[in-house]
Each structure stands twice: as C-alpha cells, then as structure tokens.
Amino acid sequence: MTSLKRRHLLQAGSGAGFLAAWPTLAPLAHAQTRQETVRVLAEGAPNSRDPHGEGVSRESLGTFTNIYDRLINFDRVKLPSGIYRYDYTRFKGELAERFEVSADGHVLTFHLRRDATFHDGAPVTAADVKWSLDRAVNLPASKRQLSTGSLTDPAQFVAVDPHTLRITLPRADRYTLPNLALSFASVLNSELVKKNATPTDPWGTQWVRNNAAGGGAYTVESWSPGQQVVYARFDAWKSGPLPYVKRAIFQTVPTPATRSAALQRGDADIALQLPPKDVDALAEQKKLQVHSVPVTNTFRFIAFNSRAKPFDDVRVRQAVAYALPYTGLFRGASLGHGQPLFGAASAAPATTAFPQPYPYDTQLQKARELLAQAGYAEGFKTSFSYNVSDATIGEPAALLVQEALRRVGIELSIEKVPGAQWGTLQTERKLPFYVDTSSAWFNDPDYFFRIFFQGDWRWNFGAFDNAELGKLVDAARWETDKSKYDALIRKAIQIAFREVPIVPLWLPSYDIALQPNLREFTYYIHGQVDFRPLARA
C-alpha cells in the first residue's frame with residue numbers, strides 16, 4: 001500500500017435504548033462465537049446511512065466508516081498506552097491500491113483494486129468512484145466539506161479506465177488528500193442508488209438515508225432506529241486485511257451507569273461517552289482498559305446565534321462570556337478532564353495554536369456593565385439548549401450556566417433537544433444559545449477558522465460573519481511562509497477574542513473503556529468505533 005505524507009503537497013505549492021442480556025441474533029453463515037463479536041454501548045444513535053447527507057448524527061460517522069470504503073484512509077500511530085490514533089498527515093490506500101501525486105501537486109491518480117466488489121457483488125469501478133464524488137460535490141453537506149480541499153466540480157474527476165481515476169486541481173492543496181480520507185468521500189454503488197433515485201431526487205438521498213449502498217468491511221444486518229444497529233462482516237472485502245470481528249452490535253444506552261455496569265459485567269466490550277466520574281472509577285478498579293487520548297482539535301463550547309437578538313450585540317456576547325462559571329463547568333461537568341480554554345492573561349494571543357485560552361473569566365460586575373450598555377440592564381429571557389445525546393456533559397453544563405446567568409439577570413429555560421433533530425436545528429439557526437462539542441477534521445488554525453467562524457453552514461455555530469476575518473483566513477489558506485502565516489493567524493485570533501461568537505470552554509480528552517482482551521483500538525476524530533482493526537488477545 002502507498003503511504004504519503006501530507007507535507008509533500010505543502011512542498012508542491014502550497015448520537016432510547018435498553019440494556020438486556022446479550023441479544024439473541026440469527027447466526028452468521030460462518031460459525032459465530034462471542035469471541036468474534038463486539039458489542040458497543042453509546043449514548044446516542046446513528047440516524048443515517050448517507051455519508052453525503054445533511055443533519056447526520058455523530059454516531060452515523062461510525063456507520064459510514066464501517067460500511068463504505070474511500071479511495072484512501074488515514075494511516076495511524078501507536079500511543080504509549082497501546083491503542084492507536086489516526087494520523088491526518090499520512091495516508092494509505094483503501095480502494096486505491098496505490099496512488100500518485102504529480103510534481104506540481106495539480107494531478108492525483110488513483111489505481112483501484114481490481115477485485116473489489118460492493119455488498120451485492122457488483123464490481124467497484126472508477127465510474128462508481130467518479131459518480132460518488134460527483135454526488136458528494138453536488139449535495140450540500142459533503143459539498144461544503146470537500147470544497148475545503150479544492151474538490152468542487154464533477155469535471156475534476158475522470159474515470160481514465162475501469163480501474164484508474166484521475167483528479168485534477170486548480171492548484172496544489174494541502175487539504176485535498178485529507179478530505180479524500182473522510183467519510184464525505186465514501187464510494188457508493190452507483191447503479192444501486194440510481195435504481196432507487198427519482199426524477200425529483202436524482203441522487204437518491206431519501207433512499208440512501210435508510211439503505212446502505214456500500215462495499216465496506218461490514219454490511220448492515222439490522223437497524224432498529226434509536227436502539228441498535230447490527231453489523232456483519234463482509235467476507236469478500238478486499239480493501240484491507242479481513243477483520244477479526246465477524247459481528248458488531250452498536251446499542252444506544254442513554255444511562256451512563258448502565259453502560260458502565262454492563263462493561264464491568266462483561267456484557268459489553270466498549271463503552272463510549274462515559275462521564276468523567278465513571279471513567280475515573282473504572283480506572284481506579286484496574287479491571288478494564290481505560291484510555292484518555294489528548295485531543296487538540298475537539299473543543300467544548302457555548303455558542304450564540306449572533307445574527308438574532310439579543311446575541312447580535314457583541315456586548316451581550318461579551319457579558320455572557322464574563323458571567324459564565326468556567327471553573328465550575330470544567331470541574332463540575334468535566335471533572336477536570338481536558339485542558340481549559342479560559343482565563344488567558346492577555347487579549348493578545350499567546351501562540352498561533354487554535355483554539356487557545358480566551359481572555360475571559362468570571363467577572364459578574366463586568367458582565368452587568370456590558371448588559372447595561374447594550375440596553376439590557378434588567379436582563380432578558382432566552383432558551384439554552386443541549387443535545388440529549390450529549391447529556392453526560394450537556395445536562396450538568398446547562399444547569400450550571402442557568403444558575404450563573406441568573407445572577408446577572410438572564411433567565412434561561414433549558415431545552416433538551418433529541419439527537420436526531422440537533423444537527424438540523426443547528427443548520428437552520430433555530431438554537432439561539434446552546435452548549436455543544438465539535439471537532440475540526442484538520443488541526444491547522446486557518447482550517448479551524450474557515451470551518452467554525454465563517455460560512456453559511458452548520459459548523460459556523462455562532463452564525464458569524466466578519467469580513468476582516470474572512471480576508472485574513474483566505475490569505476492564510478495558501479500562505480506557505482510560516483512567519484507570514486503566523487502573523488495572519490494572530491490577527492484572526494484577536495478578532496475571535498473580541499467578537500466572541502462562540503465561547504470555548506475546554507479541550508476535552510477522548511475517554512474510552514474497553515475489555516482488557518481487546519486490541520488494536522484506533523481513535524478517530526469522530527470518536528466512533530472502527531471495527532476493522534479490532535482483535536482479541
């Protein structure tokens with residue numbers, strides 16, 4: 001397999017279920033044992049099978065990873081703890097057995113595996129890859145993401161022959177290969193989707209949302225919305241070593257204590273989204289594997305709809321930033337797991353890393369003064385929302401924020417939003433004020449600003465629109481001189497500090513607990529489970 005470092009391109013130019021006993025499941029074609037089955041318990045649930053779809057839950061990203069292939073995938077590095085994490089600077093072939101990048105970085109050529117098939121037995125061809133990428137750059141969610149890597153036009157994708165695909169770029173782009181390794185670049189069975197498309201839905205979005213059309217390492221054996229998904233190994237998979245795990249069961253179990261208890265009994269293999277207190281308790285018992293992976297491109301934050309009153313006034317946003325109970329939130333909701341993003345000593349950025357600590361801490365008098373200047377001396381009423389699938393952190397955080405803001409006259413009604421609706425409400429700007437967590441696929445500061453501080457899409461959580469910031473980020477996008485890049489980024493950070501469309505709270509750690517005999521777990525930025533490399537001792 002080909003492995004290519006991203007810096008080569010730089011040099012070229014640039015989530016209500018239940019918990020019962022081990023479920024009774026129909027046997028696979030091959031002998032099925034508990035040893036070859038993995039059961040994952042999580043707080044939320046997948047809500048889509050469409051990797052190019054809008055409003056998908058975070059858990060759906062795990063579905064896409066396992067049931068679809070991409071041309072390439074991220075390589076991985078082993079951590080001192082013994083588990084792995086993905087490395088977004090290095091790549092390996094998946095559907096492509098090898099690939100090349102031209103010397104000027106403008107042309108990428110992918111040579112497909114000749115024996116790869118979709119789940120229905122149809123061969124995977126370059127025409128399928130082109131159609132899938134055409135679909136991806138035509139549908140809103142995937143189009144917006146892939147555009148960050150200069151993948152925007154179907155004319156860029158050419159099926160040279162049945163097993164060769166060529167992508168042409170207007171200029172060398174350091175984000176092209178990373179984007180092609182994301183689920184947004186998943187390859188679908190084009191003929192199968194076309195059969196289920198309609199004149200009003202030519203890309204088959206309604207059908208794909210509820211039906212898999214892939215050729216990845218796993219098929220969807222059964223899907224119980226909001227409760228359970230069962231995956232079965234696709235024994236004809238050719239894009240990597242045949243996985244050890246023959247069946248994977250992903251169950252939604254909203255109560256953290258139930259997830260933890262099942263893991264301790266041995267009824268489950270992996271528990272996701274455990275509260276910090278449960279993670280600490282399991283670590284102390286030393287009976288399970290408990291891992292905390294430092295995460296620098298995932299952040300917990302509070303966001304405002306900066307385009308609607310009262311949060312369209314920067315003084316109101318700053319007032320809230322000075323009224324938040326940062327230490328109480330970090331210790332009460334996160335138990336100190338992670339790295340604080342508050343209380344910087346100066347309004348001047350300390351480094352060009354981003355996110356970094358903001359120059360806000362709890363100063364209630366300053367908050368009251370700013371509210372008075374904005375015409376809200378008596379305060380105001382609004383709602384504060386959290387995702388039910390994120391209740392482990394979201395619920396205690398909401399209660400702490402509600403109590404704190406009451407002290408400066410802001411009355412909050414707490415809204416608990418079902419996970420299946422969360423992404424849609426964010427996209428449609430129907431949440432005035434909320435707590436959430438998100439991740440930047442790539443950890444470069446200019447990318448972070450482009451994703452979270454501009455654009456008419458879900459990920460611009462603060463609905464922010466600032467022309468000066470836009471110019472700075474656009475310039476940094478293609479800057480290869482480090483000193484010039486850093487100067488641009490420092491100015492962008494100062495704007496974020498001043499305008500505060502979102503208030504970062506902390507960088508979390510990725511905490512996971514699993515049975516001691518599981519090996520080869522790999523952390524990906526979406527925080528879901530890739531079943532393909534998993535094995536038992």
Side-chain angles (χ1 to χ4, degrees), residues 15 47-48 50-61 64 133-153 173 175-176 178-180 182-186 203 205 209 297-308 311-312 354-355 385 387 390 417 419-474 476-477 492 495-496 499-504 525-526:
N47 66 348
S48 176
D50 190 345
H52 308 144
E54 194 82 71
V56 303
S57 64
R58 185 176 292 109
E59 292 77 14
S60 295
L61 300 176
F64 306 152
L133 293 173
D134 289 355
R135 183 181 193 266
V137 300
N138 272 281
L139 295 180
S142 47
K143 176 180 181 178
R144 290 189 293 260
Q145 175 58 45
L146 294 179
S147 69
T148 68
S150 297
L151 301 167
T152 61
D153 186 347
D173 191 332
Y175 295 114
T176 300
N179 268 286
L180 289 172
L182 300 180
S183 60
F184 296 100
S186 296
W203 297 111
T205 59
R209 184 175 182 86
N297 51 351
T298 294
F299 67 120
R300 174 67 60 175
F301 62 91
I302 285 173
F304 314 96
N305 183 349
S306 67
R307 300 180 191 176
F311 300 119
D312 59 343
F354 202 77
S385 306
N387 184 344
D390 183 40
V417 180
Q421 300 174 17
W422 186 256
T424 300
L425 293 177
Q426 284 182 323
T427 302
E428 297 176 354
R429 309 295 182 207
K430 292 182 178 179
L431 302 175
F433 187 30
Y434 59 92
V435 63
D436 200 3
T437 185
S438 191
S439 302
W441 286 107
F442 318 130
N443 205 24
D444 303 61
D446 73 279
Y447 180 87
F448 200 96
F449 276 110
R450 282 191 292 138
I451 300 304
F452 297 123
F453 287 83
Q454 60 182 30
D456 188 23
W457 65 351
R458 172 185 178 182
W459 312 111
N460 182 1
F461 297 110
F464 194 49
D465 185 11
N466 183 282
E468 182 185 1
L469 179 68
K471 291 178 181 178
L472 291 168
V473 174
D474 287 347
R477 171 71 171 87
I495 293 173
E499 298 295 326
V500 66
I502 59 176
V503 187
I525 193 59
H526 48 60

> How would you list, by chain and number, every residue that makes a salt bridge (charged side-chain N to carboxylate O under 4.0 Å, His left out) with Arg144, sequence neighbours excluded?
Replying inline: Glu54
> Taking all non-hydrogen atoms of both residues, which atom of Ser306 and which atom of Ala463 are closest, and how far apart?
Replying inline: OG-O, 3.0 Å
> Looking at Leu472 and Ala492, what are the two nearest heavy atoms and their distance?
Replying inline: CD1-N, 3.7 Å
> Shortest non-hydrogen contact from Leu151 to Thr176?
Replying inline: CD2-CG2, 4.1 Å
>> Are the side chains of Pro355 and Phe448 in contact, using a 4.5 Å heavy-atom criterion?
In response: yes
>> My understanding is that only residues two or more places apart in sequence, or in another chain, count here; which of them pass side-chain contact (heavy atoms from CB on, under 4.5 Å) with Ala303?
In response: Phe301, Tyr434, Phe461, Ile502
> Out of curiosity, Trp422 CH2 to Arg58 CZ, how far, rounded to the nearest 0.5 Å?
Replying inline: 10.5 Å
> Could you state the interatomic distance from CG (Asp153) to CG (Asn138), rounded to the nearest 0.5 Å?
Replying inline: 9.0 Å
>> I need the Ser183 OG to His526 NE2 distance, nearest 0.5 Å.
In response: 7.0 Å
>> According to side-chain hydrogen bond (donor to acceptor under 3.5 Å, both in side chains), who are the partners of Asn443, at least two apart in sequence or on a separate chain?
In response: Thr296
> What pairs with Ser147 under side-chain hydrogen bond (donor to acceptor under 3.5 Å, both in side chains), at least two apart in sequence or on another chain?
Replying inline: none
>> Just to verify, what does Ser60 make a side-chain contact (heavy atoms from CB on, under 4.5 Å) with, not counting sequence neighbours?
In response: Pro46, Asn47, Ser48, Val56, Ser57, Phe64
>> Tell me the closest heavy-atom pair linking Ser385 and Val417, and the distance in Å.
In response: CB-CG2, 4.1 Å
> Taking the six-membered ring for Trp, are Phe453 and Phe449 parallel (under 30°), tilted (30 to 60°) or perpendicular (over 60°)?
Replying inline: tilted
> Once you round to the nearest 0.5 Å, how far does CD1 of Ile525 lie from CG of Leu61?
Replying inline: 10.5 Å
> Hey, mind stepping through Gln426 and Asn387 against side chain to side chain contact (heavy atoms under 4.5 Å, CB included) and telling me if it holds?
Replying inline: CA-CA 11 Å; Gln426 284 182 323; Asn387 184 344; over 6 Å; no
>> My understanding is that only residues two or more places apart in sequence, or in another chain, count here; which of them pass side-chain hydrogen bond (donor to acceptor under 3.5 Å, both in side chains) with Gln454?
In response: none
> Among pairs that include at least one residue of residues 421-438, which meet salt bridge (Lys or Arg N to Asp or Glu O under 4.0 Å), considering only residues two or more places apart or in two chains?
Replying inline: Glu428-Lys430
>> For Val137, give me all partners under side-chain contact (heavy atoms from CB on, under 4.5 Å), at least two apart in sequence or on another chain.
In response: Leu146, Pro154, Phe157
> Going from CZ on Arg458 to CG on Leu425, what distance comes out if it is rounded to the nearest 0.5 angstrom?
Replying inline: 10.0 Å
>> Going by ring pair (Phe, Tyr, Trp, His ring centres under 6.0 Å), name the residues that satisfy it together with Phe304, two or more places apart in sequence or in a different chain.
In response: Phe311, Phe433
> Asn297 side chain to Phe442 main-chain N or O, any donor-acceptor pair under 3.5 Å?
Replying inline: no
>> If you compare all heavy atoms of Phe299 against all heavy atoms of Pro504, which two are closest, and at what distance to 0.1 Å?
In response: CD1-CB, 4.4 Å
> Does one side chain, of Asn179 or Thr148, offer a donor that lies under 3.5 Å from an acceptor on the other?
Replying inline: yes
>> Can you give me the closest heavy-atom contact between Asp446 and Tyr175, atom names plus distance?
In response: OD1-OH, 3.0 Å
> For Phe464, which residues count as a ring pair (Phe, Tyr, Trp, His ring centres under 6.0 Å) partner, sequence neighbours excluded?
Replying inline: none
> Who are the salt bridge (charged side-chain N to carboxylate O under 4.0 Å, His left out) partners of Asp465, not counting sequence neighbours?
Replying inline: none
> Residues two or more places apart in sequence or in another chain: which of them pass side-chain hydrogen bond (donor to acceptor under 3.5 Å, both in side chains) with Asn466?
Replying inline: none
>> Treating Trp459 as the side-chain partner and Ala440 as the backbone partner, does any N or O pair qualify as donor plus acceptor under 3.5 Å?
In response: no
>> Would you compute the distance between atom CZ of Arg135 and atom OG of Ser186 and round it to the nearest 0.5 angstrom?
In response: 10.0 Å
